[in-house]
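Here's the structure, in structure tokens; my notes come after.
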Number of protein chains: 2
Amino acid sequence: MNVLERVEARLLVVDDEPNIRELLSASLRRSGFEVVTAADGREAVHFAERVRPDLVVLDVMLPDMDGFTVAGRLREMGGQMPVVFLTARDATDDKVAGLRVADDYVTKPFSLEEVLARIRAVLRRTRGDLDLPSRLQVGDLELDEEAHQVWRSGAPVRLSPTEFKLLHYFMVNTGRVLSKAQILDHVWNYDFGGDAGVVESYVSYLRRKVDITEPRLIHTLRGVGYVLRLPRGD
Amino acid sequence: MNVLERVEARLLVVDDEPNIRELLSASLRRSGFEVVTAADGREAVHFAERVRPDLVVLDVMLPDMDGFTVAGRLREMGGQMPVVFLTARDATDDKVAGLRVADDYVTKPFSLEEVLARIRAVLRRTRGDLDLPSRLQVGDLELDEEAHQVWRSGAPVRLSPTEFKLLHYFMVNTGRVLSKAQILDHVWNYDFGGDAGVVESYVSYLRRKVDITEPRLIHTLRGVGYVLRLPRGD
DNA sequence: ACGTTTTCTCAGGAAACGTTCAGCCGGAGC
DNA sequence: GCTCCGGCTGAACGTTTCCTGAGAAAACGT
């Protein structure tokens, strides 16, 4: 029922920066994953052998060995663990080429929603995991993650990338109150320095595009945050 | 059965200000938690190692080391103790960024109800603790903590943040008489300078919004305080 | 290189909220 | 029955929070 109370899968997170490592593992744990972390390639291989994760989140740049090398070792181990790479946005060509061996990749600085979406998509593909639906629905509002498309009352709605990510975050957390800080942390890149004002703007855009008809789904809770839900009368 | 007679969990409270430390630990003990306190980072790590708390309440600003550093040491210890940070409201950007690795955080000056709510929410998430229900019910009055919503006789009721906190405090203490001073201490921030008159106002607001129908749940005990309960065979 | 889309900031205005206070009410005690 | 006292509530105030439109800068597509 509640995404937060179920272990979706076991993940191995590999990054040498403690901040990124903790940011990711805390957030993934909150989303219901079981998480083991490693700080370099040696540790990564060691833990992968021991805990047999369902998926590995792997930074390309590691102090002791290349991320691709680590990925190779993991493949040699069998068990075909899928890999999601983390890479700098300005990666050089040879690195981009290497990414082809990955099941997916995310560029730094990322947003948590981005990473979560990729992880879920890969798990869906490799495990045929139907517990992770690609289509979300609340009332007559529908969102298809794979098709990257949204409908309200059957009519398609055009959203910008940020608007889409925000709506997706709302729909994954239907019925749960989200503070502006929480939204900022999940939908915007982790290096974003701005304040919560931008969240207000985007909520305003979203309402104009997908919440002009009754019943209203996006509700403001003054001094607390926002929540997406059907009004419950019963 | 009584929340006061059961040890809910073992907590470690870390703050260098003795006032805050005592305020928190006394209140948490009264709520059924087992509490150990520490005044700085060194002590915190030491006690965490010895008593293995289920959760750590950690001030970001400590005399010897940064709260995030302490949190890092705690994670290295394994056992994945969740951390609730305490921070000043006007925290600078880099500190806000650090808060993303926290399981939750509360800004100073806080109210005791706020801290308790966050602690319970985190314990619910990390331990799947169903002894700590997110939904409270007294008669036909219902309150959902997560959804931040209230119903009376099935009909949703809109409450301001203070009204919600006050009702929550009443419902957690159903059947127990609460003095105005007690209510002030728990629901309002600890630096609030006003008098108990504001409690009378808010009880009045609450009655108007959630206690207009029979049977009345909020009762005045002249010269003593208030109590929320079903009338017993009156 | 050009126009378009997207993202973010800012500021005005509107609404909700917190707090105080004064006048009223009703029960308790004399 | 009268007086006190504690409690109730409506009004008023300043403050906070939120919404939205306008605009600048960056990214994007052609």
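Residue numbers begin at 1 in each chain, while the letters A, B, ... track the order of the sequences. Every value quoted in this text rests on a predicted model; they were computed, and no experiment measured them.
- Comparing dC8(D), dT7(C), dT20(C) against the side chain of Glu200(B) picks out dC8(D) as the nearest.
- Below the 3.5 angstrom threshold, one finds no donor paired with an acceptor across the side chain of Tyr202(B) and the base of dT20(C).
- The side chain of Ser204(A) contributes no N or O atom lying less than 4.0 Å from OP1 or OP2 of dG21(D).
- Side-chain nitrogen and oxygen atoms of Trp188(A) include none within less than 4.0 Å of the OP1 or OP2 phosphate oxygen of dT7(C).
- Protein atom CG of Leu221(A) is 15 Å distant from nucleotide atom C1' of dC19(D), rounded to whole Å.
- Note on Gly223(B): only backbone sugar-phosphate atoms sit closer than 4.0 angstrom, heavy atoms only; bases stay farther off.
- Between the side chain of Arg125(A) and the backbone N or O of Asp103(A) there is at least one donor-acceptor pair closer than 3.5 Å.
- When the side-chain nitrogen and oxygen atoms of Tyr205(A) are compared with OP1 and OP2 of dC8(C), none of them lie within a distance under 4.0 Å.
- Across the protein-nucleic acid pair, Lys209(A) atom NZ and dC19(D) atom C1' stand 17 Å apart, rounded to whole Å.
- Straight-line distance from the CG atom of Leu159(B) to the P atom of dA16(C): 15 Å, rounded to whole Å.
- Between Ser201(B) and dT19(C) there is no side-chain polar atom (N or O) within less than 4.0 angstrom of OP1 or OP2.
- Under 4.0 angstrom from either OP1 or OP2 of dG10(D) there lies at least one side-chain N or O belonging to Arg208(B).
- Classified by interplanar angle (parallel below 30°, tilted 30° to 60°, perpendicular above 60°), the ring pair Phe164(A)/His148(A) is parallel.
- Between Arg152(B) and Asp140(B) a salt bridge is recorded (basic side-chain N to carboxylate O distance below 4.0 Å).
- A donor and an acceptor atom sit less than 3.5 Å apart, one in the side chain of Arg222(B) and one in the base of dG6(D).
- Of the side-chain N and O atoms in Lys180(A), none sit less than 4.0 angstrom from OP1 or OP2 of dT17(D).
- For Arg158(B), the CZ atom sits in a loose shell: 12 or fewer heavy atoms of surrounding residues, nucleotides or ligands are nearer than 6.0 Å.
- In this structure, Ser160(A) does not reach the dT5(C) phosphate: none of its side-chain N or O atoms is under 4.0 Å from OP1 or OP2.
- Between Ile218(A) atom CD1 and dC18(D) atom P the separation is 15 Å, expressed in whole Å.
- To the nearest angstrom, P of dT7(C) lies 15 Å from CG of Asp191(A).
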Query raised in the report: Can you list the steps and then say if Arg207(A) with Thr220(A) is a side-chain hydrogen bond (donor to acceptor under 3.5 Å, both in side chains)?
Result: CA-CA 11 Å; Arg207(A) 287 212 246 236; Thr220(A) 301; 2.9 Å; yes
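- An OP1 or OP2 oxygen of dT17(D) is reached within less than 4.0 angstrom by no side-chain nitrogen or oxygen of Thr220(A).
- If you measure from atom CG of Asp195(A) to atom P of dC19(D), you get 14 Å, rounded to the nearest angstrom.
- Atom CZ of Phe192(A) and atom P of dT6(C) are 18 Å apart (whole Å).
- One can place CZ of Phe164(B) at 18 Å from C1' of dA16(C), the figure rounded to the nearest angstrom.
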